Every structure is written in structure tokens, then in C-alpha cells.
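Worksheet: the structure to be examined is printed underneath.
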Amino acid sequence: MTRLDPHSYFDTTQPKTRHLELNWFIDFVRRQIDGSVRLLLEGPSSGPMDLDTKGLTIKAAYLDDGQPIPFHLADEEPILGRRLRLELPDGTKSFGISYTTSPDAIALQWFEPEMTLGNRQPFMYSQCQAIHARTIVPCQDTPRARISYYALVTVPEETTVVMSAGPEGRIRDLSPGICAFRFNMPQPIPPYLLAIAAGDLEAFDLSPRARVWAEPEMLERAAYEFGEVEQMIQTAERLFGPYEWNRYDMLVLPPAFPFGGMENPRMTFLTPTVIAGDRSLVDVIAHELAHSWTGNLVTNATMDHFWLNEGFTTWAERRILDAIHGEEASALRWAIGQAALDEAVARFGADSPLTKLRTDLQGIDPDDAFSSIPYEKGSRFVYVLEHQVGRERFDRFIRKYIDTFRFTSITSEEFIDFLEQELPGAADAVKANSWLYETAMPSNAPAFKSEKLDELIAAANGFAEGRRPGPKQAGKWDSNELLVFLQNLPRELDHESLAWLNQNFNLTQRGNYEILVEWLTIAAGSGYEPVFDRVRQVLLEVGRMKYLRPLYTALGKHARTRALAREIYSQGKARYHTLSRRVIESVLDKYDEGNQ
Ligand code: BES
Ligand code: ZN
């Protein structure tokens, strides 16, 4: 037995899947997917084959001629789920499994019509990263086991389905009241990139290869917000090589989506909180687009190498934005990331193994290990490499890296070997081992400086001492500048200062959620009652964990607002995604314990 991934029962000595054929019936009433999957193997195989499952009811396993295959579902393991072991007869090239998902499959979130913008149709979507694909299909759920897939998805006739794949048409005359959509993903992807959404969706074309999908009520705003996407694709292609996924479409999800974005190939999934009205939060698009190279083409082998996905992508995202919007604001983007990095290091503790880039997540749920560290520490590691060898050489290296490892999944060690081969000495020169294997930040972590950044930090420090920035100065700040100013303020302020801030920057009414949440976090943490209604509104609407954690923390850490936090949570709980619930409960439980 050889298991390479601590989060999968995938065994390298067993047969390997190369393709999935999904046949799914979306049941909005019972909140489950009924259906089957046919697994096509790399070659004729026999003997035991282990698949990952979680919460699945397995009805039957059978060869293509219908002959049953013996199988056994092992006991539930809390993180991994249940191992499904099949005994394949000699010469098996493909076989089928019929099954049903559980109504609380972690990968799926379901919405009644009343919970959508249009109130007309139910809605559902999936989020499979990191290890939730197994809650919607029995599979070898590890990024090393890449698969192509075909899907036939049956839904009520008024419903539109999108997937992380190319659409191959809709079949309307199946039987009364239902229709089916066909999809094909011909390129081999890690299973965590399998994705589906179904509901009342319409599309708007932004360019010949990019369109945005959303509920009709949201479409116009989304179309404006993402209007720069073709320019971003072209910029990314100049930096990282040809875009290999054919189309780049985007889907705007309901606000309960627990992430900012998810890089599902051909169909990025997005939180509506990025729609600020002024394109000020399109860094999320640059990020998910950049994953088309770093993540979807070159993929982390397991979650222990997650920084290869997110660190490279965060670096790539900033290179795209620098190329489009100029490098003047670059230091600000890095400074905003630094605040998230500092928060994560403080939360885990500077000596926590979770602050290493190369982690050891045996026995640890990847959802619990999630933080800004792989993003911000990882991107800084890439940045110091870039600056060690010079941009021109590094850009050539990155293109070769992507070209060499495209459609494969690699480890940190494989990356370092390649780095040593292509740029000998660079790894040692930047202390790569310290970046990868040591906790917190290495001594050669870059410091980002600019005049603007100095000005904003000075203004924030001055504010803490009672000096107000003048309208001539502050009136010119753009969104990121205001955000940096707010991030550098003390976490608690007196009410007079808070009233001044709100009056002068109109903070409670901001459409930019980064600014809004930063403001509400300071104000709520200061016990400033005038914002409580807005805090409640945001918490009841938005499920993005990046916003829930600081807001619930701000309320939870003080005895005076702890009951309010609990009350808002009990009101909003039913509408939160499982992952959002877990984050909130961990925050609230921590402060309750501290209280006893
Ligand atoms: N792939 C991630 C989201 C993710 C990571 C989901 C791990 C599940 C497990 C996505 O690309 C991401 O990083 N999203 C960020 C965007 C931000 C860094 C611009 C987010 O959701 O905040
Ligand atoms: Zn990402």
C-alpha cells in the first residue's frame, strides 16, 4: 500500500482513473444529487481499488455489462470520510457506481427560491476544494489523480446549469417538466476542480471568450464590474504563456458563498461582494484567472504543498495588476496582504507548524489549516526569488516552470529541484529551506515601501494621537489607500474618533466590502453602537469567511457584545455554508471558553 496524500485513500499501487462520466439528477426538493458515475481506468486492471467517499449512499457497483462488482464501505473517518474498496475482476477497463449524495454534503449549498435575488427558482452550487469532491462523487480525491470528465445533468426545465467544463448543449424533450445539460472537460484536472451550479442564470458576453453568469437581477452590475477581464487575460498570457482552457467564464454566486472566488476551470465562481460598483475589488478576478496557470495547469500534489497554488497565484495576481494599473500602487497591494499575514501568524502563534509553507497536515482538516500564510508568505517567497535573479530571468523561469509541469501535480521538493536545475544557487541565496520548513517569517522577508504607504501609515499613527487627516490629503485617497489607512489604525478607538471617521469617509455606506468590513471591525470592536445594525445586516447576508471571522471576533472578544454575536449567529445560522458555520463556531467558542 502506498498512499501519497494524507487526505485521500488513493493508493499508487492500484488502478488509476483517467476519466469520469457523470449522470446526475439534481433534486432541489430533497437537496441531493441522484445518479451514477462511470470511471474509465488508465488500462485494464484487476484487484482492489480504493475510492474516497463522504456521506454518499452507494447503491451498486457494476461492470459495463451490468455484472455486479463486490464492494465494501469502511467505517467513517472524521476528516477523510469512508473508503470505498472495490474488487475489480481481471481486465476491468471501466465500471459504474450508482449513488446518492447526502442533503448535508459539504460540497453543496442549496437555496430555496426566497433565498435568491429573483425569488423564482431554487439555486445550488458546489465548492469541492480542498477535499469535498468525495461528497458528490466517489473518486480518487487527490490532485495527483487527474481526470477529464463528461457530465449529463438533469434539472427542472426552467433551470440553467453551468459546470467547470465546456457546454455541449441542452436536451429539452426528455420528459415533461425536465431538461438535461451536457458538458465536457477534455483536459485532465484535479478532482477539486469539479464544479456545478444550477439556478435562474443568465449570461452576458464580455469578449469572444469571456462571459459572466448571474441571476438576471445582478447581471448588469456584474457585467460592468468585470469589464476589464479580457485585458487581464491578455496581460496574463503575455506573462505566463497561452491561456489553455478555451473560455474564461465567471459565475456570480449568492452572498453566502464562503470564499471570495474559486478558480473552477472555464467557470470561476465568485462572491457578489466583489461587485463594489467601481471595479475596485477586481484583484479577486486577477487572482482566480492567474490560477489558470498556477493551480489549474501546475497543481499542488497535496494540501501540504498548497502554497504552490496560492503563493504563486498571489504573486501572479499582483504582477497582472501591476502590469495593468501600474507599479506605483504595488507596495499598497503588498501592504494589504501583510496585514492578513500578520493576523494569521498572530492567530496560529509564531511557532505554529501551520505557519510553515510546506506543511504536514496528517490528521488535520485542510479547512482548519486554511489561512493567509500560503498566500502571503508564499507570494513573498516567490517575490524574493524574482528579485534575487532579476525579473527578466525569473519571468523566463516561470514560463518554463509552467510549460514543464503543465497538467501535472507537484510537491514543494519537486519545485525546489527544478529551481536548482534552472537557476542554480538561487534557492540557497534566498534561504529557501527557511521559507519552506521554518515557522513564521524568515529574516530576509521583503519590506515594501513607497511614499504613499509612508504617508498613509503616518496619517494613521497621527490619527491615533488625535491628528485628523485634512480633506486635501484624505479626499484624494482611492479605495486601497483608504483601506491601508484603516488597517493601520488602532483596533479600538474612542467614539468621537469613530464618528469623525464615518462622517468624513462615509464608511458605513461603502460598497467596497474590504473597506466596509475593516471599518465595521474597528467600530464593532470599540463597542460603537451606531454600526450594530449594519454589522447585523452584513453578517446575515454575507457568508464569506474572510469577513465573518474579523466581525464575529470583534463582537466576541468583548463581554459587552458577546451575546449580540450569539444572537446574530443563531438568526443567520440556517443560511450559512457548513464551512462558514465552522469558522464562526470556532471564534465564538474560543471566547466563551476564555470567559469561564
Ligand atoms: N482556491 C481558492 C479558494 C479555496 C482555497 C477554496 C482552499 C477552498 C480551499 C481561491 O483561489 C482563493 O484563493 N480565493 C481568495 C481570493 C483572494 C485571495 C483574492 C478568497 O476566497 O478570498
Ligand atoms: Zn487562490
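Just so you know, residue 1 is the first one in the sequence shown, and it goes up from there. Counting convention: from 1, in listed order, for ligands and their atoms alike. Please read these numbers as outputs of a predicted model, since none were measured by experiment.
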Looking at Phe259, does the NZ or CZ of Arg544 lie under 6.0 angstrom from its six-membered ring centre and within 45 degrees of the ring axis? no

Note, Val229 side chain near Ile285 side chain (heavy atom, < 4.5 Å): yes

Enumerate the pairs of nitrogen or oxygen atoms, one from ligand 1 and one from the protein, separated by less than 3.5 angstrom; state names and distance to 0.1 Å.
residue: ligand 1; atom: 1 (N); partner: Gln129; partner atom: OE1; Å: 2.7
residue: ligand 1; atom: 1 (N); partner: Glu263; partner atom: OE1; Å: 2.6
residue: ligand 1; atom: 1 (N); partner: Glu263; partner atom: OE2; Å: 3.2
residue: ligand 1; atom: 1 (N); partner: Glu310; partner atom: OE2; Å: 3.1
residue: ligand 1; atom: 11 (O); partner: Glu263; partner atom: OE1; Å: 2.9
residue: ligand 1; atom: 11 (O); partner: His287; partner atom: NE2; Å: 3.3
residue: ligand 1; atom: 11 (O); partner: Glu288; partner atom: OE1; Å: 2.7
residue: ligand 1; atom: 11 (O); partner: Glu288; partner atom: OE2; Å: 3.2
residue: ligand 1; atom: 11 (O); partner: His291; partner atom: NE2; Å: 2.9
residue: ligand 1; atom: 13 (O); partner: His287; partner atom: NE2; Å: 3.0
residue: ligand 1; atom: 13 (O); partner: Glu310; partner atom: OE1; Å: 3.2
residue: ligand 1; atom: 13 (O); partner: Tyr375; partner atom: OH; Å: 2.6
residue: ligand 1; atom: 14 (N); partner: Gly261; partner atom: O; Å: 3.2
residue: ligand 1; atom: 14 (N); partner: Glu288; partner atom: OE2; Å: 3.2
residue: ligand 1; atom: 21 (O); partner: Gly260; partner atom: N; Å: 2.5
residue: ligand 1; atom: 21 (O); partner: Gly261; partner atom: N; Å: 3.3
residue: ligand 1; atom: 22 (O); partner: Arg544; partner atom: NH2; Å: 3.2

With Leu520, which of Leu507, Ile515, Val535 fulfils side chain to side chain contact (heavy atoms under 4.5 Å, CB included)? Val535

Please examine the side chains of Thr273 and Phe257, heavy atoms only from C-beta on, and report whether any two atoms are closer than 4.5 Å. no

Do you know the tightest heavy-atom contact between Arg347 and Ser371? NH2-CB, 4.0 Å

Cationic tip of Arg358 above Trp307 ring, under 6.0 Å, 45° of axis: no

Restricting to N, O or S, what is the name of the atom of Glu310 that lies nearest the Zn ion (ligand 2)? OE1

